[in-house]
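In what follows, chains are A, B, ... by sequence order, proteins preceding strands, each numbered from 1. As the structure is a prediction and not an experimental result, all values here were calculated from the model.
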2 protein chains.
Amino acid sequence: MPMSTDVLTRAESICQQRGVRLTTQRRRVLAILCASNRPLGAYEILEAMRDGARTLAPPTVYRALDFLLEHGLVHKIESMHAFVGCNHPEHPHSSQFLICHDCGVVTEIDDAAVTQSLGSAADVSGFRAQRRVVEVIGTCAQCAEKNG
Amino acid sequence: MPMSTDVLTRAESICQQRGVRLTTQRRRVLAILCASNRPLGAYEILEAMRDGARTLAPPTVYRALDFLLEHGLVHKIESMHAFVGCNHPEHPHSSQFLICHDCGVVTEIDDAAVTQSLGSAADVSGFRAQRRVVEVIGTCAQCAEKNG
DNA sequence: CTGAGATGGCAACAATATAACAACTCGGCC
DNA sequence: GGCCGAGTTGTTATATTGTTGCCATCTCAG
Ligand SMILES: [Zn+2]
Ligand SMILES: [Zn+2]
Ligand SMILES: [Zn+2]
Ligand SMILES: [Zn+2]
């Protein structure tokens, strides 16, 4: 499946391959996250999922998020208590996030040097890494240009 | 002031140099964090500060933490919603944390290669870094040894 | 068809963090 | 000493984020 294919379609096929179900609620959450250009909090997703008067309860969203996180379809931005869709969920990866506190845009990068140096640093301490949280908060290029 | 001097004493002198006050509440919070061998949540600190029947309110702790964070005397572990005392607060530094999910111990390291590669990765995107959150969750050497 | 397992709805709750305002403390100054 | 003002703390209430438990419903293999 080429990179250009729609993320939702790719997610669908990933789930099929793994024998798990991308159910309606899960797909809705993923779609909402992918449509947003910035991370969304769980309760923002909840709000976006409202269907007329019908309002959903938090567990619905958190369960969907748990599933999506587990399968690497979304990432959690710890420093923001928010979630973003992943752009290349085909392979497990440890990525880093550049978070602009001005415009709110979050860029996911996967820098080999960072991953490697972090691995080495852990190794030196005899530490077995399992999960990595790497978030850089600052000003993106656009906002830096705009505001001097 | 040599590295061997007690952290509280060093904190005192740092605050004096900067013309800010390490008040009783702030010193208490710092002392509690430094006495702990693992990160503490704000409400755990609150509990530790209880003095007989007299119970404090959350803002007291959060305000002290704000001050200590601002002056680099403590760090926040974002992935845990918890706080640790810094062992070398004399100079501003961007550190990384190795977090053992088994014994709860958190080790602060300051790896030049990590800092440097992360800086380069941000530069490539024209991103101006201001704050860095680097946390590795896994198993520490002791626990790895113990549990195979 | 049927039963086990996965999923979703719902209500209550727990944990983390902040807002707003009043009261107090500590310097410097007259 | 007495006064003032900035910074600090106390207090109450509230906002935000995340979880648990229970049961209804749906799905799918056998
Ligand atoms: Zn990703
Ligand atoms: Zn920006
Ligand atoms: Zn430090
Ligand atoms: Zn350990």
Closer than 4.0 angstrom, basic N to acidic O: yes or no for [X] and [Y]?
X	Y	result
Arg27(B)	Glu12(B)	yes
Arg10(B)	Glu90(B)	yes
Glu78(A)	Arg131(A)	yes

Output the rounded distance in Å from [atom1] ([X]) to [atom2] ([N]).
X	N	atom1	atom2	result
Arg26(B)	dG7(D)	CZ	P	11 Å
Leu46(A)	dG8(C)	CG	C1'	14 Å
Leu56(B)	dT16(C)	CG	P	17 Å
Glu78(A)	dA17(C)	CD	P	12 Å
His71(A)	dT7(C)	NE2	C1'	13 Å
Leu65(A)	dG8(C)	CG	P	12 Å
Arg18(A)	dA6(C)	CZ	P	18 Å

Does [X] have any ring pair (Phe, Tyr, Trp, His ring centres under 6.0 Å) partners at least two apart in sequence or in another chain, and if so, which?
X	result
Tyr62(A)	none
His71(B)	Phe67(B)
His93(A)	His75(A), His88(A)

Exercise for the section: Give me the bend of the helix from dC1(C)-dG30(D) to dC30(C)-dG1(D), using the axes of the five pairs at each end, rounded to 10°. Expected result: 20°

Could you tell me whether the phosphate oxygens of [N], OP1 or OP2, come under 4.0 Å of any side-chain nitrogen or oxygen in [X]?
X	N	value
Thr23(A)	dG8(C)	yes
Thr60(B)	dG10(D)	yes
Arg54(B)	dT11(D)	yes

Problem - Per-nucleotide protein contact string for nucleotides 18-30 of chain D (B base, S sugar-phosphate only, - none; heavy atom under 4.0 Å) - result: BBBB-----S---

Exercise for the section: Just grab all the side-chain hydrogen bond (donor to acceptor under 3.5 Å, both in side chains) pairs involving residues 28-39 of chain A, residues at least two apart or on different chains. Expected result: Gln25(A)-Arg28(A), Arg38(A)-Glu44(A)

